[in-house]
Amino acid sequence: MTTTLTRPIAPALPAAQPNATPALSVRDLHVGHPTTGHDIVRGVSFDLARGGVVGIVGESGSGKTLTCRAILGILPTPFEVTGGSVSIEGRDTSTLSPREWTGLRGSTISAVFQDPASYLNPSIPVGRQVAEVLRVKLGLGRRESRVRTLELFSDVQLRDPAKVHGQYPFELSGGMLQRVLIAAAIAAEPQVLIADEATTALDVTVQAEILDLLAELRESTGLALVVVSHDLAVVAQLVDEVLVMRNGVVVEQGPVSQVLHDPQHDYTQLLVREHEQYGLERFLTPELAS
Ligand SMILES: Nc1ncnc2c1ncn2[C@@H]1O[C@H](COP(=O)(O)OP(=O)(O)OP(=O)(O)O)[C@@H](O)[C@H]1O
Ligand SMILES: [Mg+2]
């Protein structure tokens, strides 16, 4: 299933230096309702090195998306960051003005979510929508942005970039739409990409292809990833470190092999047991994965 990108989007970064500033650092993050004083997310902490992958797994409603949105500075009202901190490339995001946030999103940190169609305008061909990102974020001209969009479509392994460029969202499958969204998300060459349930709505084969694509983009461009899923198998095959969330709290956190082979918390043990039937072992035992 693994294929090679024909042309890296940016030169691959050297291996992460132990003392280098993390691409993303989250410290005791709390998200809540400032008026009620009730925190929904309570104490999420992790460091994401350049080119690293952190996974967040947990049941529906455990606070995964609110954590991502807090990191991206796009919490839905009335939620706010009520404690802790988020630093992107060493910069404390609580000090950012709305204008600085807009500059940062897309070009330093970016995201893809479930249901890609809802992030695209149904009445504009998808190529023009990605080209618009390039014009706004990188200041490219019309011709340049078209050429670059076609390159990006090839980077995300859309088979016929020129054809897809002129197609409307309704003409594309869910997997193709997610590739278009990934192309838009990496257009301005961010350091960090958050994939929040990005493969959840896709069938299993397409889901595996998109996960392969994310892994390849990481390898070829040094993109650091936060992969969020309620599905332990999705996280297991891609990440270095995993956080297990329940009711807004991280109940277990550590290297993926340790957490999955020797889960300490009852809830993690339950997750691992539930997923054994879906072939989690395949991801944990390399000789079975080929
Ligand atoms: N816009 C909102 N308005 C009100 N409550 C919300 C909103 N978004 C999230 N919540 C609540 O916050 C809690 C955490 O939600 P969140 O979306 O972060 O969970 P999640 O782990 O991403 O779940 P899922 O796996 O279903 O995506 C839930 O109890 C949810 O009901
Ligand atoms: Mg969610």
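Whatever order the structure lists them in is the order used to number ligands and atoms, beginning at 1.
- Between Arg27 and Ser85, the side chains place no donor N or O within less than 3.5 Å of an acceptor N or O (distance only, hydrogens not considered).
- There is a side-chain donor-acceptor pair under 3.5 Å between Ser94 and Asp92.
- Closest approach of Leu72 and Arg105 over heavy atoms only: O-NH1, 2.8 Å.
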Side chains of residues 247-254: which donor-acceptor pairs under 3.5 Å do they make with residues two or more places apart or in other chains?
{"unit_1": "Glu252", "atom_1": "OE1", "unit_2": "Gln264", "atom_2": "N", "d": "3.2"}
{"unit_1": "Glu252", "atom_1": "OE1", "unit_2": "His265", "atom_2": "N", "d": "2.8"}
{"unit_1": "Glu252", "atom_1": "OE1", "unit_2": "Thr268", "atom_2": "OG1", "d": "2.8"}
{"unit_1": "Glu252", "atom_1": "OE2", "unit_2": "Gln264", "atom_2": "N", "d": "2.8"}
{"unit_1": "Gln253", "atom_1": "NE2", "unit_2": "Ser45", "atom_2": "O", "d": "2.7"}
{"unit_1": "Gln253", "atom_1": "NE2", "unit_2": "Glu241", "atom_2": "OE2", "d": "3.1"}

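- Using a 4.5 Å heavy-atom cutoff, the side chains of His165 and Asp160 are not in contact.
- Minimum heavy-atom separation, Asp115 to Ser118: O-OG, 2.8 Å.
- The shortest distance between side-chain heavy atoms of Val31 and Ile40 does not fall below 4.5 Å.
- For the side-chain contact (heavy atoms from CB on, under 4.5 Å) test, residues two or more places apart in sequence or in another chain that qualify with Ile124 are Asn121, Arg128, Gln129.
- Within a radius of less than 2.8 Å around the Mg ion (ligand 2), the protein N, O or S atoms are Thr65 OG1.
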Ligand 1 N/O to protein N/O, distances under 3.5 Å:
{"unit_1": "ligand 1", "atom_1": "18 (O)", "unit_2": "Thr65", "atom_2": "N", "d": "3.3"}
{"unit_1": "ligand 1", "atom_1": "18 (O)", "unit_2": "Leu66", "atom_2": "N", "d": "2.9"}
{"unit_1": "ligand 1", "atom_1": "19 (O)", "unit_2": "Gly63", "atom_2": "N", "d": "3.4"}
{"unit_1": "ligand 1", "atom_1": "21 (O)", "unit_2": "Ser62", "atom_2": "N", "d": "3.1"}
{"unit_1": "ligand 1", "atom_1": "21 (O)", "unit_2": "Ser62", "atom_2": "OG", "d": "3.3"}
{"unit_1": "ligand 1", "atom_1": "21 (O)", "unit_2": "Gly63", "atom_2": "N", "d": "3.0"}
{"unit_1": "ligand 1", "atom_1": "21 (O)", "unit_2": "Lys64", "atom_2": "N", "d": "3.0"}
{"unit_1": "ligand 1", "atom_1": "21 (O)", "unit_2": "Lys64", "atom_2": "NZ", "d": "2.9"}
{"unit_1": "ligand 1", "atom_1": "22 (O)", "unit_2": "Thr65", "atom_2": "N", "d": "2.9"}
{"unit_1": "ligand 1", "atom_1": "22 (O)", "unit_2": "Thr65", "atom_2": "OG1", "d": "2.8"}
{"unit_1": "ligand 1", "atom_1": "23 (O)", "unit_2": "Gly61", "atom_2": "N", "d": "2.8"}
{"unit_1": "ligand 1", "atom_1": "25 (O)", "unit_2": "Lys64", "atom_2": "NZ", "d": "2.7"}
{"unit_1": "ligand 1", "atom_1": "26 (O)", "unit_2": "Ser60", "atom_2": "OG", "d": "2.5"}

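- Classification of the Phe79-His33 ring pair by plane angle, with boundaries at 30° and 60°, yields perpendicular.
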